[in-house]
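First the structure, in the form of structure tokens, and then the observations on it.
Along the sequence shown, residues are numbered consecutively beginning with 1.
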Amino acid sequence: MNAIFKRKSIRKFLDKEIEDEKIERLLKAGMQAPSAINSQPWEFLVVKDKDGIKKIEDMSMYSKPARTSTCCIITLFNEDYLSRFENYKWVQQDMGACTQNILLQAVEEGLGAVWLGTYPDEERVNYLKEHFNIPENVYPYSVIVLGYPTEDYTGTDRFDENRIHYESY
């Protein structure tokens, strides 16, 4: 449970490139997530270019942590992967699990990360689609801002037994 308890949102990063092998392991972690009916709706857009990162920084008032990042991953879901399932409605859960896997793997890699909410905010979705030439049938779900943290960090134990109920509320 080390990665789970150590994970926290990191918003400031060193000016140090993330190795390609680490990025690949982050993407593998995302693709290892569970998905309803094994749909695996994900695709990823890796942004390392400073101009691209600046576009992410300008997405909203909450995306400023991208300013010091050296890599961002935009998680995407492709409707083509879902069209074979009737009444499919689990994409947000699938993509949430995918995003969380990447965040936990970032801890394992010695990286810091912060999850920028994107979907279903139409303004943010459309902004990313426009600025990154994302096709009509593909939707940005989240942006994961990554980098080497400026300081060591530990998470906080959030366990609260008052929030646990057994058998009935």
Side-chain angles (χ1 to χ4, degrees), residues 1-36 38-50 52-78 90-121 124-125 128 132 134 138-164:
M1 291 185 36
N2 180 54
I4 292 171
F5 278 90
K6 190 172 180 181
R7 191 221 60 81
K8 82 179 239 183
S9 295
I10 302 296
R11 294 175 173 84
K12 291 185 181 176
F13 308 99
L14 299 173
D15 185 20
K16 179 180 176 184
E17 294 294 316
I18 299 172
E19 298 85 349
D20 291 339
E21 312 81 59
K22 288 188 177 190
I23 294 169
E24 184 174 317
R25 286 191 295 269
L26 294 172
L27 299 170
K28 284 182 177 182
M31 291 183 199
Q32 199 62 34
S35 61
N38 199 27
S39 60
Q40 302 177 40
W42 37 73
E43 291 185 356
F44 305 90
L45 180 57
V46 178
V47 180
K48 295 169 74 174
D49 176 80
K50 287 292 180 194
I53 290 173
K54 175 70 173 136
K55 290 175 187 174
I56 290 170
E57 177 189 340
D58 293 340
M59 178 178 70
S60 81
M61 63 186 270
Y62 300 104
S63 54
K64 300 310 175 203
R67 178 175 297 138
T68 60
S69 173
T70 56
C71 179
C72 296
I73 296 173
I74 302 173
T75 66
L76 308 159
F77 65 89
N78 187 326
W90 312 113
V91 74
Q92 290 193 54
Q93 293 177 47
D94 297 344
M95 295 305 298
C98 172
T99 300
Q100 183 70 1
N101 274 14
I102 294 171
L103 294 172
L104 292 174
Q105 185 62 32
V107 172
E108 291 294 320
E109 300 292 343
L111 300 171
V114 63
W115 176 343
L116 304 180
T118 304
Y119 187 86
D121 185 295
R124 293 179 191 185
V125 166
L128 291 173
F132 292 96
I134 298 170
V138 177
Y139 294 86
Y141 174 79
S142 65
V143 177
I144 304 167
V145 175
L146 296 154
Y148 283 94
T150 56
E151 57 190 58
D152 284 337
Y153 62 93
T154 57
T156 304
D157 186 346
R158 298 177 181 174
F159 183 78
D160 180 354
E161 67 180 56
N162 294 318
R163 295 182 177 218
I164 301 169

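Annotation: the span from Leu111 atom CG to Ile102 atom CD1 amounts to 12.0 Å, rounded to 0.5 Å. Rounding to the nearest 0.5 Å gives a distance of 5.0 Å between SG of Cys72 and CD1 of Ile53. In this structure, CG in Asp121 is found 10.5 Å from OH in Tyr62, a value given to the nearest 0.5 Å. To the nearest 0.5 angstrom, Glu57 atom CD is 4.0 Å from Arg67 atom CZ. Note that CD1 of Ile4 is 12.0 Å distant from CG of Leu103, once rounded to the nearest 0.5 Å. Here the CZ-CG distance, from Phe132 to Leu45, works out to 6.5 Å after rounding to the nearest 0.5 Å.
A 4.5 Å side-chain heavy-atom check between Tyr148 and Thr70 finds every atom pair outside the cut-off. Taking the side chain as every heavy atom from C-beta outward, Glu108 and Gln105 approach each other to under 4.5 Å. Contact of the Tyr141 side chain with the Cys98 side chain is not registered, since no non-hydrogen atoms from C-beta on lie closer than 4.5 Å.
Between the side chain of Ser69 and the backbone N or O of Leu146 there is at least one donor-acceptor pair closer than 3.5 Å. No donor-acceptor pair under 3.5 Å is formed between the side chain of Ser9 and the backbone N or O of Val114. With Thr75 contributing its side chain and Ser142 its backbone, the two residues share a donor-acceptor pair below 3.5 Å. A donor-acceptor pair is defined here as one N or O able to donate and one able to accept, closer than 3.5 Å; such a pair exists between the side chain of Lys22 and the backbone of Glu109.
Residues Asp20 and Lys48 are paired through a salt bridge, judged by an N-O separation under 4.0 Å between the basic side chain and the carboxylate. Remark: Glu21 does not engage Arg25 in a salt bridge, criterion side-chain N to carboxylate O under 4.0 Å.
Between Phe77 and Tyr139, the ring-plane angle classifies as parallel under the 30° and 60° cut-offs.
Applying the 6.0 Å contact sphere to CG of Asp160 captures more than 12 heavy atoms from other residues, nucleotides or ligands.
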